[in-house]
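FYI, side chains are in, hydrogens and waters are out, and symmetry mates aren't considered; it's all heavy atoms of this structure. Below, read A as the first sequence line, B as the second, and so on, with proteins coming before strands; counting in each chain starts at 1.
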2 protein chains.
Amino acid sequence: MSWSKQDRKRRGYHHGNLREALVAAALDLIDAKGPAGFTFADAARAAGVSPAAPYRHFRDREALLADVARRGFEKFADQLDRAWNNGQPGPMQALENLGRAYLAFAENEPAYYAAMFEAQLPRDIDRELSEAGDRAFAVLRQAAEALCATLPKDRRPPTLMVSLHIWALSHGIASLFARGDAARRALPMAPQDLLEAGVLIYLDGLGLTGEHNR
Amino acid sequence: MSWSKQDRKRRGYHHGNLREALVAAALDLIDAKGPAGFTFADAARAAGVSPAAPYRHFRDREALLADVARRGFEKFADQLDRAWNNGQPGPMQALENLGRAYLAFAENEPAYYAAMFEAQLPRDIDRELSEAGDRAFAVLRQAAEALCATLPKDRRPPTLMVSLHIWALSHGIASLFARGDAARRALPMAPQDLLEAGVLIYLDGLGLTGEHNR
DNA sequence: GAATCTATGTTAAAGCTCTTTACATGAGCT
DNA sequence: AGCTCATGTAAAGAGCTTTAACATAGATTC
């Protein structure tokens, strides 16, 4: 599993899987000290190689972080898509699943989430990164579309706006409350329940009462 | 205005206002490269003093950042409180003002906002810091209270929950969209309008229709 | 107004760490 | 076996952090 220094003799001069090991090391280090809390050399140390070795695989620390973020967005998009499950069994239930999956990801993969949203990476640093981000957002967008479609045309809000509201509320709750992190504030209820309640109230405001779609 | 190196002869041996100059330098540097993008020595350079000088005013870089964050929360609380204006002229209008002030702060003071919410400072690093944060949140809490009070008791939601929803939506929009930063995503409408629409829909869902309170 | 005290600077140096350059190794191919 | 290239190491240069020793000047006291 881990390619630590102990395996040095067995592996010999070459690591064999350094790129992956560096990504894994970065995730551990982000968990421990945040996306800004470690250096390229730290990652090398954690992977059991010399400080110069990572430069064979990533241009610099930022490129490593960008790769972590890209992988994070891909995992994220997958999990959101699976939770949405093509809107089955119904838009409302599927949206609830989607929201729970959103916060579950932030809670269970805080390192990925931090790399994705808190590492302050320039959006244009990498095309694959921004495309992966777009794929994740597309799931939310699709869900908003399905929900809006259940409303009569004359009372149908812009789906882009609805998806942005849901995203912003989810992200707000995730980043303020849903991470194990001591930097976060205490809450009177589970983040998932807070989000679910918020979304239900919001949908009610749109005229989407529960009975119609559950 | 600026206490740069050029003023060195005029000011002589002592800076005269180094503590403030360091805070100003930190804000500039955060604007330019993010809360993690500069060193203690950089701040000293920007203030035109030797690398050791800052230690007379802050224990370390983190303490400087914490002071910036504290000042930010205090400014933030002030501006929110002024926007809320004791709920005048009515809870709905005052809330809209509050929301706009929230996003205006994130937009106009991105360095403060970043220090407050993205610097990953341990919450317990400083009592004054966490108290200042509490004061800012208290304004939102107060607004939620006033809004909920306009509802009949049997349909009145928990005010803490309502304040958390509004905070999360505001913070989500601010951190995803409302910073000049190239890291942010493009938007089809002004962040302020996005927030206002979201809050109106949400309040509608609570049963607070505009007419009653405007 | 002179002496002293204290706050706030500077310089210098030790100890780290990052980053880069030049070199070493070994896996795959012919 | 020998070539070649990808992937590692080692060593050196540069910068940051922190401390200790010293310098300056504003404030206080007599």
Measure from [atom1] on [X] to [atom2] on [N] and round the result to the nearest Å.
X: A:D42; N: C:dT17; atom1: CG; atom2: C1'; value: 9 Å
X: B:F58; N: C:dT8; atom1: CZ; atom2: C1'; value: 14 Å
X: B:L22; N: C:dT8; atom1: CG; atom2: P; value: 12 Å
X: B:R45; N: D:dA14; atom1: CZ; atom2: C1'; value: 12 Å
X: B:R19; N: C:dA7; atom1: CZ; atom2: C1'; value: 14 Å
X: B:E20; N: C:dT8; atom1: CD; atom2: C1'; value: 15 Å
X: B:F38; N: D:dT17; atom1: CZ; atom2: C1'; value: 15 Å

Item checked: Phosphate OP1/OP2 of C:dT10 contacted by B:H15 side-chain N/O (<4.0 Å) -> no

Notebook entry, point to check: For C:dA7, does OP1 or OP2 lie under 4.0 Å from any side-chain N or O of B:H57?
Noted result: no

Item checked: salt bridge (Lys or Arg N to Asp or Glu O under 4.0 Å) involving A:K33 - partner list, sequence neighbours excluded -> none

Check: Quick one, which residues of residues 28-37 of chain A touch DNA chain C with a heavy atom under 4.0 Å?
Finding: none

Parallel, tilted or perpendicular, as decided by the 30° and 60° cut-offs, for the rings of [Y] and [X]:
X: B:F177; Y: A:W167; result: perpendicular
X: B:F76; Y: B:F105; result: tilted
X: A:F117; Y: A:H171; result: tilted

Note to self: salt bridge (charged side-chain N to carboxylate O under 4.0 Å, His left out), that's the test. Do B:R70 and B:D67 meet it? Break it down for me.
What the structure shows: CA-CA 5 Å; B:R70 181 189 56 74; B:D67 196 51; 2.7 Å; yes

Restricting both atoms to N or O, compile the protein contacts to nucleotides 19-22 of chain C shorter than 3.5 Å, with distance only.
residue	atom	partner	partner atom	Å
C:dT19	OP2	A:Y55	OH	3.1
C:dT19	O5'	A:Y55	OH	3.1

Item checked: Sub-4.5 Å side-chain heavy-atom contact between B:I30 and B:Y113 -> no

Check: How many angstroms lie between CG in A:L140 and CG in A:L160, if you round to the nearest 0.5 Å?
Finding: 11.0 Å

Next item on the list: Compute the ring centroids of A:Y55 and A:F40, then answer whether they are less than 6.0 Å apart.
Entry: yes

Check: Out of D:dC16, D:dG8, D:dT18, which has the shortest distance to the side chain of B:D60?
Finding: D:dT18

Notebook entry, point to check: Is there a donor-acceptor pair under 3.5 Å between the side chain of A:H165 and the backbone N or O of B:L194?
Noted result: yes

